[in-house]
Structures are given as C-alpha cells and as structure tokens.
Amino acid sequence: MSKKVVFFLITFLILGMQFAKAQKSEENKHLKITQLTPQQAMQLLENKDAIMIDVREIEELKIISYDVDTIINIPLSNFEMEFERQSKSFSKNKRLIIVCRSGRRSQKAAQILLAKEYSQIYNLKGGIIEWERQKMKVKK
C-alpha cells in the first residue's frame with residue numbers, strides 16, 4: 001500500500017473513533033447525578049428503592065457509620081475495581097446513593113458511575129456530617 005492510502009485509512013479511523021465518542025457523549029447527556037438531602041435518601045432507602053454505597057475508607061467507618069440496612073462499603077481508593085466485583089448483583093437501572101464524609105468523594109465516585117452509564121445516581125449532599133447534623137441514625 002502506498003503511504004497516501006495508509007495515511008487516508010489512519011485518518012479515517014481516527015475520525016470515526018472521534019465521531020463514535022461524540023455520539024456516545026450525546027446519548028449520555030441526559031444522565032446526571034441527583035443531589036439528595038439526608039431525608040430524601042432515607043425515604044428511598046425505606047421504600048427499598050435504592051442501595052447506599054459508602055466510599056469512605058474502612059478506618060473511617062470505625063469512627064462513625066450510617067445506620068441503614070442497605071449499605072455497602074467500597075472505598076474510593078479502590079472504587080472502580082471493587083465496584084465492578086460487587087455490582088454484579090444489581091442492574092444499571094438500580095438507584096445508587098453514593099455517600100462519604102462530606103459529599104466530595106461521593107461526588108467523584110458518582111462521576112465514575114455516570115461514565116459507566118448507570119442511570120440513577122444520587123449523591124448525598126454534605127455526607128455523614130450533614131446526615132448526623134439532621135439527626136439521622138448513625139453508629140459510633
């Protein structure tokens with residue numbers, strides 16, 4: 001093959017990949033992270049409409065934890081790999097409430113899930129700090 005043909009094929013391939021990426025981005029534009037208050041999160045949990053995922057490190061859980069039944073811990077430091085392992089039991093349409101200490105790490109984890117095309121992602125505003133301030137149940 002001539003250099004011109006090879007150049008054309010490579011250019012065509014690159015443009016095709018960029019178009020596919022833009023198309024996927026456009027399709028996912030409707031997906032977003034919803035911010036919840038502690039009361040809103042608890043309502044979803046009580047109705048058995050969601051799972052809470054705490055992205056704090058294990059040492060932090062020993063200090064204070066959310067007192068809810070449907071919670072799993074997946075530390076942000078190992079989130080992507082561990083989430084893949086644990087997520088086999090629920091669909092991409094499952095409501096996921098992501099929580100942490102203040103709401104910052106949970107927002108990062110929620111962004112990861114958004115990129116993985118999970119459609120019902122919720123972030124707890126203010127994390128466990130706000131949860132406790134609102135007199136919601138905790139374990140110490």
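The structure displayed is predicted, hence computed values, not measured ones.
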Q | Partners meeting side chain to side chain donor-acceptor pair (under 3.5 Å) with Q35 (sequence neighbours left out) | A | Q107, N123

Q: Could I get the full list of side chain to side chain contact (heavy atoms under 4.5 Å, CB included) partners for K135, not counting sequence neighbours?
A: none

With a 3.5 Å cut-off and sequence neighbours excluded, list the donor-acceptor pairs that the side chains of residues 38-46 form with protein atoms.
from	atom 1	to	atom 2	distance (Å)
Q39	NE2	Q134	OE1	3.0
Q40	OE1	T37	N	2.8
Q40	OE1	T37	OG1	3.3

Sub-4.5 Å side-chain heavy-atom contact between [X] and [Y]:
X: K108; Y: V55; result: no
X: K62; Y: I58; result: yes
X: R56; Y: I64; result: yes

Between [atom1] on residue [X] and [atom2] on residue [Y], distance to nearest 0.5 Å:
X: L61; Y: I71; atom1: CG; atom2: CD1; value: 7.5 Å
X: K140; Y: D67; atom1: NZ; atom2: CG; value: 12.5 Å
X: I72; Y: I74; atom1: CD1; atom2: CD1; value: 4.0 Å
X: I112; Y: E80; atom1: CD1; atom2: CD; value: 4.5 Å
X: D54; Y: E60; atom1: CG; atom2: CD; value: 8.0 Å
X: L36; Y: I121; atom1: CG; atom2: CD1; value: 12.0 Å

Q | Minimal non-hydrogen separation, M52 against V68, with atom names | A | SD-CG2, 3.8 Å

Q: Could you list the residues that satisfy salt bridge (Lys or Arg N to Asp or Glu O under 4.0 Å) with E84, not counting sequence neighbours?
A: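 Here the qualifying residues are K116.
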
Q) For residues 49-82, which residue pairs qualify under ring pair (Phe, Tyr, Trp, His ring centres under 6.0 Å), counting only residues two or more places apart or in two chains? A) Y66-W131, F79-F83

Name each donor-acceptor pair under 3.5 Å that joins a side chain in residues 93-104 to protein atoms two or more places apart or in another chain, with its distance.
from	atom 1	to	atom 2	distance (Å)
N93	OD1	S119	OG	3.1
R95	NE	Q120	OE1	2.8
R95	NE	Y122	OH	3.4

Q. Should we count CG of D69 as having more than 12 external heavy atoms under 6.0 Å?
A.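 Atom CG in D69 is not packed in, count stays at 12 or less.
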
Q. Quick check: are there more than 12 heavy atoms from other residues, nucleotides or ligands sitting under 6.0 Å from NZ of K92?
A. yes

